[in-house]
Amino acid sequence: MGTTSDGDRPWESYHTVYTNAKAGMDGVDKERVQRVIYEMSKGSKYFENEQRKEAFLKQRIERMHAQCAKLTTNDIAHFQMIADKRILESEAARDLSKIWLHSDMDAFYAAVEMLDNPSLKGKPLAVGSMSMICTANYEARKFGVRAAMPGFIARKLCPNLVFVPTNFDKYMYYSEMTRKVFRRYDPYFIATSLDEAYLNITDVCKERGVSSQEVAEELRNAIFEETSLTCSAGVAPNRLLAKVCSDINKPNGQFILPNERKAIMAFISSLPIRKIGGIGKVTEHILRDVLGINTCEEMLKKSAYLCALFSPCSIDFFISAALGLGSTDTPQFSLRKSMSSERTFSGTEDQSLLYQKLDEIADSLSNDMQIESLFGRTLTLKLKTASFEVRTRALSLQKYIQSKEDILSHATRLLKAELPLSLRLIGLRMSHFRDDKHGSGDPMQKTITSFIFSGDASENVLCDNHSAGTDTSDDPLIGNDLCFQDDQNVPSLGSRHPELVDEQCFNNDVDGWKKIDGFKSSAKTDEMEMYSRTESNVEVNETGKFPDNRAVYPSTREGLAFWIDDYICSLCGCELPPSFIEERQEHSDYHLAEMLQKEESTNNLSKLMQERPIDKGSSATGTSRKRQKSSPKGSKHIPIDFFFKRNKEV
DNA sequence: TTTGTCACGGAGG
DNA sequence: GAGGGCCTCCGTGACAAA
Ligand SMILES: Cc1cn([C@H]2C[C@H](O)[C@@H](COP(=O)(O)OP(=O)(O)OP(=O)(O)O)O2)c(=O)[nH]c1=O
Ligand SMILES: [Mg+2]
């Protein structure tokens with residue numbers, strides 16, 4: 001495939017994610033690493049699939065090239081005007097009033113393992129398995145070993161590599177210790193994973209009259225004293241930049257970017273675009289090969305071409321990032337949108353075996369859903385063929401389901417339609433959760449709580465980003481767009497982008513519950529045991545929001561009340577065991593109605609509503625892209641039918 | 001025109 | 001000797017129905 005001569009150096013055309021610059025990889029012999037990876041890979045089904053993907057990407061790049069070539073000078077002038085306008089608008093929204101700190105633990109899982117077993121110190125260590133490693137310590141990184149690399153390749157790179165399986169209990173335990181420190185600096189801190197968090201230290205600096213540099217030092221020292229683990233910190237006026245900064249002097253270092261436009265531009269200009277959260281391997285490749293963009297400065301220079309080639313969403317993201325803009329607000333927490341379970345096994349076309357796998361996965365998903373009292377109505381079957389091609393097949397129901405039996409019966413139908421096939425992975429994902437936590441039911445019937453919080457009542461409140469489901473889109477080859485969205489930092493051809501836009505729902509992490517780097521199973525359950533029942537529920541969501549111990553379960557919209565020890569109402573102390581589902585909902589609705597009454601009398605309802613994941617339309621850095629829903633907003637008075645408006649679902 | 005559904009892929013930890 | 005994870009989020013485009 002390579003247009004260049006693959007002939008004598010074939011490994012150079014096998015692009016992996018492993019050669020990307022990363023902390024601890026400085027002195028690595030990259031050519032050797034590339035070669036070893038290539039040698040271990042070539043000929044494998046995985047490798048062939050990667051090549052297929054690369055070929056598609058190449059076609060895509062060629063199409064974009066052609067598109068560029070067709071532009072007349074007139075066109076370019078036109079797009080330059082559009083770009084300049086966007087640049088001006090973005091610049092006008094620059095907010096330098098906040099100070100954000102991003103904290104990132106160093107080789108977190110590996111560091112915890114070394115702490116737990118000091119004999120590992122000084123040895124190259126990988127956490128994970130022979131098929132995939134989660135992270136590696138800095139000794140191992142010298143050999144090119146890193147996260148997301150298969151263990152058998154890592155061992156080839158570093159024959160003395162020690163493997164340790166993951167222990168999420170431990171990581172959660174230490175993570176919680178670090179969060180206790182974070183909490184002291186910003187009770188609303190945003191945890192984006194077990195080992196990363198954003199803290200708004202504006203007030204700390206102001207109130208104590210200390211510099212952000214001092215706060216960063218103090219915080220890192222506190223973490224070290226309390227956990228014996230090191231971390232790195234980045235300080236900047238927004239989260240996008242803070243995240244970039246924390247990587248600069250990693251490990252065990254910090255970097256402060258002052259809140260001055262000049263300093264920011266100097267910093268960002270020479271920054272390789274790949275350092276920006278949301279620009280991954282593919283986006284980097286496209287921007288480099290199509291437009292010759294490698295740095296943020298170049299991105300700005302080529303802004304007219306960006307406007308010609310990409311969607312408004314992507315354009316905004318690129319331009320904002322190139323200007324060093326990012327989110328400065330503290331986002332509202334958001335609810336879980338999907339939950340999934342998937343398993344890889346050795347490829348087979350034995351149908352009874354495949355149905356058995358499906359059974360296990362349905363069971364696992366159902367259990368997970370029960371733990372969080374979730375009922376969903378969109379089920380997506382995911383398959384990976386023996387040749388690594390991925391397919392998804394979805395189905396939306398009238399009713400919300402949770403039981404294994406229900407899940408399995410629908411999943412079986414979906415699978416049946418695809419067989420025969422030789423598969424290596426089966427997965428199930430549930431989405432479109434009910435707005436409250438109870439049993440099945442007709443989507444038409446909502447409780448007051450769910451009705452109000454769901455946004456049917458006042459659209460502008462919603463976070464429900466995109467109109468549709470969570471599974472999405474088709475034919476990636478048609479558009480060029482990369483799309484970014486918000487959150488911490490992460491865009492890509494269809495992924496969230498970072499810090500830029502503020503708005504809408506951020507899922508500040510969600511981690512903590514399952515996903516967690518991919519080894520959820522034990523994670524979720526353990527976390528439940530560990531935290532719930534103490535004040536931990538807070539922990540879970542606390543990823544940012546409820547410093548006052550007003551626990552709220554993740555992804556449930558039960559309303560204002562939650563159940564202490566799972567049976568005492570947090571608001572009035574009345575006791576209702578979990579099995580009293582209907583009663584509980586009524587009870588919760590009662591508190592909500594009561595509250596609404598109070599709120600309304602003080603004209604504050606709109607404020608209450610906005611406390612949910614919200615819009616914020618055009619916030620400071622507001623690059624918000626979202627399709628805006630037209631909605632009557634801002635009305636102070638609530639008409640009675642507000643409470644009875646029908647929900648539009650099927 | 002708007003809204004919902006579905007498929008696919010990028011991204012990050 | 002072969003072997004390449006698991007979870008969550010999101011945007012886009014195609015298509016159908018309202
Ligand atoms: C990339 C990746 C990371 N992880 C986990 C393991 C890591 O400890 C954690 C953070 O990932 P990394 O960003 O790779 O960082 P790290 O903490 O291991 O090391 P450092 O920050 O010093 O570079 O996320 C996974 O579980 N799966 C993955 O695929
Ligand atoms: Mg880290």
Side-chain angles (χ1 to χ4, degrees), chain A residues 16-17 37 40-41 43-47 49-50 53 56-57 104 108-109 128-135 147-153 166 192-196 277-283 286 311 313-314 334 336-344 346 368 378 380 382 384 388 390-396 424-425 427 429 431-432 465-498 504-507 509-511 513-521 523-524 625-627 629-630 648-650:
Chain A
T16 67
V17 79
I37 293 173
M40 297 292 288
S41 300
S44 70
K45 289 178 176 165
Y46 176 83
F47 179 82
N49 187 251
E50 288 300 297
K53 284 170 24 186
F56 276 114
L57 180 57
D104 183 340
F108 186 54
Y109 299 173
S129 69
M130 221 32 95
S131 59
M132 188 57 61
I133 71 186
C134 228
T135 193
M149 179 180 275
F152 66 90
I153 292 182
T166 50
T192 52
S193 68
L194 285 183
D195 84 320
E196 289 182 29
I279 296 184
K281 180 185 145 198
V282 171
T283 308
I286 289 176
S311 71
C313 176
S314 305
S334 75
R336 174 193 283 287
K337 293 185 173 53
S338 69
M339 177 178 273
S340 64
S341 179
E342 65 186 48
R343 218 52 55 187
T344 295
S346 56
D368 291 350
T378 298
T380 304
K382 174 178 170 182
K384 194 187 286 176
F388 289 86
V390 176
R391 291 182 199 178
T392 59
R393 295 291 177 263
L395 146 72
S396 289
R424 72 183 331 273
L425 172 147
R429 173 166 71 252
S431 51
H432 271 126
N465 287 322
H466 63 326
S467 42
T470 65
D471 317 304
T472 69
S473 123
D474 182 290
D475 198 359
L477 293 175
I478 302 262
N480 301 325
D481 288 334
L482 314 186
C483 266
F484 305 74
Q485 158 197 335
D486 194 280
D487 196 313
Q488 23 173 20
N489 299 312
V490 189
S492 107
L493 277 177
S495 138
R496 54 231 236 111
H497 60 141
Q504 70 197 322
C505 358
F506 272 37
N507 83 157
D509 182 16
V510 192
D511 153 318
W513 280 89
K514 22 183 351 171
K515 97 172 209 171
I516 300 206
D517 320 306
F519 298 74
K520 98 183 177 200
S521 54
K524 183 170 18 175
R625 195 97 298 278
K626 303 296 51 214
R627 233 170 259 184
K629 300 187 184 181
S630 53
K648 302 167 240 190
E649 294 178 73
V650 178

With respect to the phosphate group of [N], does any side-chain polar atom (N or O) of [X] fall under 4.0 Å of OP1 or OP2?
| X | N | value |
| --- | --- | --- |
| A:Arg391 | B:dG9 | no |
| A:Thr392 | B:dC8 | yes |
| A:Ser338 | C:dT8 | no |
| A:Ser44 | C:dA2 | no |
| A:Arg429 | C:dT8 | no |

When the distance from [atom1] of [X] to [atom2] of [N] is rounded to whole Å, what number comes out?
| X | N | atom1 | atom2 | answer |
| --- | --- | --- | --- | --- |
| A:Ile153 | C:dG4 | CD1 | C1' | 7 Å |
| A:Lys281 | B:dG13 | NZ | C1' | 18 Å |
| A:Arg393 | B:dC8 | CZ | P | 5 Å |
| A:Leu194 | C:dC7 | CG | P | 15 Å |
| A:Asn49 | C:dG3 | CG | P | 14 Å |

Can you tell me which nucleotide in [options] comes closest to the side chain of [X]?
| X | options | result |
| --- | --- | --- |
| A:Met339 | C:dC7, B:dG13, C:dT8 | C:dT8 |
| A:Lys337 | C:dC6, B:dC6, C:dC10 | C:dC10 |
| A:Ser193 | C:dC6, C:dG3, B:dG13 | B:dG13 |
| A:Arg424 | C:dC6, C:dC7, C:dG3 | C:dG3 |
| A:Arg336 | C:dT8, C:dG4, C:dC6 | C:dT8 |

Looking at every strand, decide which applies to A:Met130 at a 4.0 Å heavy-atom threshold: base, sugar-phosphate, or nothing.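 Base, at least one base atom sits under 4.0 Å.
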Can you tell me the base-pairing partner of C:dG1? Count Watson-Crick or G-U wobble geometry only, both distances below 3.5 Å, and say none if there is no partner.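 C:dG1 is unpaired by these criteria.
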Do the side chain of A:Thr192 and the base of B:dG13 come within less than 3.5 angstrom through a donor-acceptor pair of N or O atoms?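 No such pair is found, so the answer is no.
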Can you tell me how far apart OG1 (A:Thr16) and CZ (A:Phe47) are? Round to the nearest 0.5 Å.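 Rounded to the nearest 0.5 Å, the OG1-CZ separation comes to 11.0 Å.
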Can you tell me how far apart NZ (A:Lys337) and NE2 (A:His432) are? Round to the nearest 0.5 Å.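 Result: 11.0 Å between the selected atoms.
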